[in-house]
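What follows is one structure encoded as structure tokens, with my remarks underneath.
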Number of protein chains: 2
Amino acid sequence: MPLKADLDAIDWKILRELQNDGRMTNVELSSRVGISAPPCLRRVRRLEEIGIIRGYRALLNAPALGMDVVAFCLIGLHHQADNELKTFAERTRGWPIVRDAWMVSGESDFLLHCVASDLGTFQTFVIEELASAPNVDTVRTALTIRRVKDEGLVAFSAS
Amino acid sequence: MPLKADLDAIDWKILRELQNDGRMTNVELSSRVGISAPPCLRRVRRLEEIGIIRGYRALLNAPALGMDVVAFCLIGLHHQADNELKTFAERTRGWPIVRDAWMVSGESDFLLHCVASDLGTFQTFVIEELASAPNVDTVRTALTIRRVKDEGLVAFSAS
DNA sequence: GAAATCACGAAAGATTCTTGCGCGCGGGGA
DNA sequence: TCCCCGCGCGCAAGAATCTTTCGTGATTTC
């Protein structure tokens, strides 16, 4: 997985299109980026193989699935030694309510993106699991009201 | 977009599979969930039409694309009247560095997920755009060190 | 109990995927 | 300058997939 891959303008167009619609057919994609289907497919395969494209995901509507609570938690630990950080990171992977987690620098050590069916479930999780976990010092919570912007991870210029 | 759709066990399996691999072919998907291809495709189309599936997205490797800085910003506003919130929400949509944004309740009013090519770009954005924006009171920043967990938005039981 | 509704699965045509191959373009080296 | 080589595109064809149509069986409704 090279940290710097040489991508031309067509590669960037492919990435932009697949970030907007990851299920687009290859012929549609090739038409949009201006080449024929076979080289387009070869480029996509290459981008997958070198790790530029990490995978594909359906985006789900959490409220419609009965997941009414989306929240972020900022966690501060008592001790930030390397193995302590790894231990907590491993713990987050065992909590289904935690969907994404980041180790961060700043006022907190971890940021957790949480989804739960209702407020009671989330509060129980925060009190009985999160705040009770070893080495956890502070837990700050931000309940989401609504999503305001939802683009892919990488921005593309308007070319 | 009904808030409560009636989904059976097969629908849930479909959602789980497509959340893990949104580009899976329909025959592969139908095989995994245990039905034949035509009804499987009809179910996927239905899930898309009623808004359970919001779309599909390729997941990109930001560092490999020269995006070395991923950070979260917690924003507090001076005034939280409805039109003030809408104004700031609209502003976030015009900032390419901001990839996702949430309106939140708690100590802050907004949480921004930001991606930039380097620290200088990000700092310039924070100082000259974010903190300088009208009505912005506080800006707290958490630079990410690494991603610790990365699942889809919705958790599925092990069935 | 009869009729209607619903969803599944087989079959077939249309579309897409995937591979193999020939061509043209651009970059060294004699 | 000319030749050779490597790279990537696009055509074409076979394989796989998508998508629709239709018949059947199960469940529900009246």
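Convention: sequence-line order gives letters A, B, ...; per-chain numbering from 1.
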Using atom names, set out every protein N or O paired with an N or O of nucleotides 17-21 of chain C below 3.5 Å, distance rounded to 0.1 Å.
unit_1	atom_1	unit_2	atom_2	d
C:dC17	OP1	A:Asn26	N	2.8
C:dC17	OP2	A:Asn26	N	3.2
C:dC17	OP2	A:Val27	N	3.0
C:dT18	OP2	A:Arg45	NH2	2.6

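- Among residues at least two apart or in separate chains, there is no ring-ring contact (aromatic ring centres under 6.0 Å, His included) pair with a member in residues 24-44 of chain B.
- Using a 4.0 Å cutoff to heavy atoms of chain B, the contacted part of DNA chain D runs 5' to 3' from D:dT17 to D:dT21.
- Identified under the ring-ring contact (aromatic ring centres under 6.0 Å, His included) test for residues 11-41 of chain B, with sequence neighbours left out: B:Trp12-B:Phe156.
- Listed here is the closest heavy atom pair of A:Leu18 and B:Arg23: CD2-NH1, 3.7 Å.
- Under the ring-ring contact (aromatic ring centres under 6.0 Å, His included) criterion, no residue pair touches residues 31-58 of chain A, with sequence neighbours excluded.
- Summary of helix geometry: the two end axes of the helix from C:dG1-D:dC30 to C:dA30-D:dT1, each defined by five base pairs via their C1' atoms, are inclined to each other by 30° (rounded to 10°).
- Screening residues 13-50 of chain B for ring-ring contact (aromatic ring centres under 6.0 Å, His included) gives no qualifying pairs among residues at least two apart or on separate chains.
- Annotation: salt bridge (charged side-chain N to carboxylate O under 4.0 Å, His left out) contacts of A:Asp21 (sequence neighbours excluded): none.
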Review item, side-chain donor-acceptor pairs of residues 95-105 of chain A, under 3.5 Å, at least two apart:
unit_1	atom_1	unit_2	atom_2	d
A:Trp95	NE1	A:Glu129	OE1	3.2
A:Arg99	NE	B:Gly152	O	2.8
A:Arg99	NE	B:Leu153	O	3.4
A:Arg99	NH1	A:Pro96	O	2.8
A:Arg99	NH2	B:Gly152	O	3.2
A:Arg99	NH2	B:Val154	O	3.2
A:Asp100	OD1	B:Glu151	N	3.4

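- A:Arg147 pairs by the salt bridge (charged side-chain N to carboxylate O under 4.0 Å, His left out) definition with A:Asp150, not counting sequence neighbours.
- By the side chain to side chain contact (heavy atoms under 4.5 Å, CB included) test, A:Arg42 is found to be paired with A:Pro38, A:Pro39, residues two or more places apart in sequence or in another chain being considered.
- For A:Glu90, the salt bridge (charged side-chain N to carboxylate O under 4.0 Å, His left out) partners are A:Arg93, not counting sequence neighbours.
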